[in-house]
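These notes concern the structure reproduced below.
Just so you know, ligand 1 is whichever comes first in the structure, and atom 1 is the first atom listed for that ligand.
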Amino acid sequence: MSTPAFVVCGPTAVGKDTLIRRMRGLEPRIWLSISATTRDPRPGEVDGVDYYFVTQSRFDELIASGDMLEWAVVHGVHRYGTPRQPVTEALDRGDIALLEVDLAGARQVRQSMPEATQIFIAPPAFEDLARRLAARGTEGPEERQRRLETAKVELAAADEFDHVVVNDDVARATDELLSIIRSMG
Ligand code: 5GP
């Protein structure tokens, strides 16, 4: 493996997807892992692009066969995991491999791939998350509440990470992330 992998973790609605999209636009060497999940696709999401949408039994098989680099139950409901093989292939190609995972996943990668750089994306304040989540409108009130509970736990763990990037301004945070990644890769 020639380049290290990067783990990107952060609470719900902190803007991870936007930051990652912008980074990829500016740094073509970035390869983003496509996770498997047992949750249903949201409108507009495409299987094999946004996620691999799999059944519970298929997810069980992927775990049993050792094909998951890490996996976790996220927000207390659905399972999400990183297929191992594509990550290995990306690293072998010399790509900058990015894994977007939750806190439990980040902790597993810390054990199995300690050379990976772990980055936490934080909001300027907790209240921003609630506001952004409501504005996004993709989750109902119950799911929003569940995600905000998870977010509290995640924010309390920010110190475990190699870098904490505050998403106070999308362009600035993108630059900071890119400079971290370029300084390692
Ligand atoms: P969403 O359902 O909003 O697409 O994703 C919810 C959360 O699941 C993400 O914010 C991320 O923290 C987590 N997640 C996505 N993919 C993975 C994965 O492959 N492994 C783990 N552990 N968490 C993931």
Side-chain angles (χ1 to χ4, degrees), residues 5-21 23-24 30-54 56 58-63 65-91 97-113 116 118-123 126 128-130 132-158 160-161 164-165 167 173 177:
F6 294 86
V7 169
V8 178
C9 181
T12 189
V14 75
K16 289 179 300 248
D17 291 341
T18 304
L19 293 174
I20 290 173
R21 198 167 44 244
M23 275 201 291
R24 294 180 79 192
I30 292 176
W31 172 89
L32 179 63
S33 166
I34 301 172
S35 303
T37 180
T38 57
R39 86 152 160 77
D40 291 332
R42 295 190 188 122
E45 284 184 332
V46 177
D47 185 42
V49 176
D50 299 289
Y51 282 104
Y52 296 108
F53 296 99
V54 301
Q56 298 287 354
R58 178 70 188 130
F59 205 98
D60 289 339
E61 280 172 18
L62 290 168
I63 297 168
S65 56
D67 286 334
M68 285 301 197
L69 176 63
E70 60 73 35
W71 69 274
V73 176
V74 181
H75 305 307
V77 192
H78 298 294
R79 289 187 288 175
Y80 295 76
T82 306
R84 183 189 302 277
Q85 176 85 9
V87 177
T88 309
E89 287 171 3
L91 293 173
L98 231 64
L99 316 183
E100 192 208 320
V101 301
D102 82 325
L103 180 59
R107 286 174 171 162
Q108 288 171 52
V109 178
R110 203 171 291 143
Q111 295 300 316
S112 61
M113 211 187 252
Q118 299 240 347
I119 305 172
F120 189 84
I121 316 275
F126 181 77
D128 291 296
L129 297 179
R132 291 174 59 122
L133 197 56
R136 185 164 89 179
T138 44
E139 290 82 15
E142 212 174 289
E143 176 65 19
R144 287 209 296 269
Q145 197 47 45
R146 190 157 48 217
R147 283 173 179 248
L148 289 173
E149 291 303 319
T150 307
K152 280 185 197 153
V153 176
E154 289 171 331
L155 287 169
E160 292 177 17
F161 288 76
V164 177
V165 174
N167 189 14
L177 281 166

query: Residues two or more places apart in sequence or in another chain: which of them pass salt bridge (charged side-chain N to carboxylate O under 4.0 Å, His left out) with Asp102?
result: none
message: Quick check: closest heavy atoms across Leu98 and Leu32, and the distance to 0.1 Å?
response: O-CD1, 3.6 Å
- prompt: Which residue pairs satisfy the salt bridge (Lys or Arg N to Asp or Glu O under 4.0 Å) criterion with at least one member in residues 31-46, sequence neighbours excluded?
  reply: Arg39-Glu45, Arg42-Glu45, Arg42-Glu139
query: Is there a donor-acceptor contact under 3.5 Å linking the side chains of His78 and Thr37?
result: no
- request: Output all residues satisfying salt bridge (charged side-chain N to carboxylate O under 4.0 Å, His left out) with Glu61, sequence neighbours left out; order by chain, then residue number.
  value: Arg58
query: Do the rings of Phe59 and Trp71 sit parallel, tilted or perpendicular, given the 30° and 60° boundaries?
result: perpendicular
task: Run through ligand 1 for me and note each protein residue having a heavy atom under 4.0 Å from it, chain first, then residue number.
output: Lys16, Ser35, Arg39, Arg42, Tyr51, Glu70, Ala72, Val74, His75, Tyr80, Gly81, Thr82, Glu100, Val101, Asp102, Gly105, Arg147
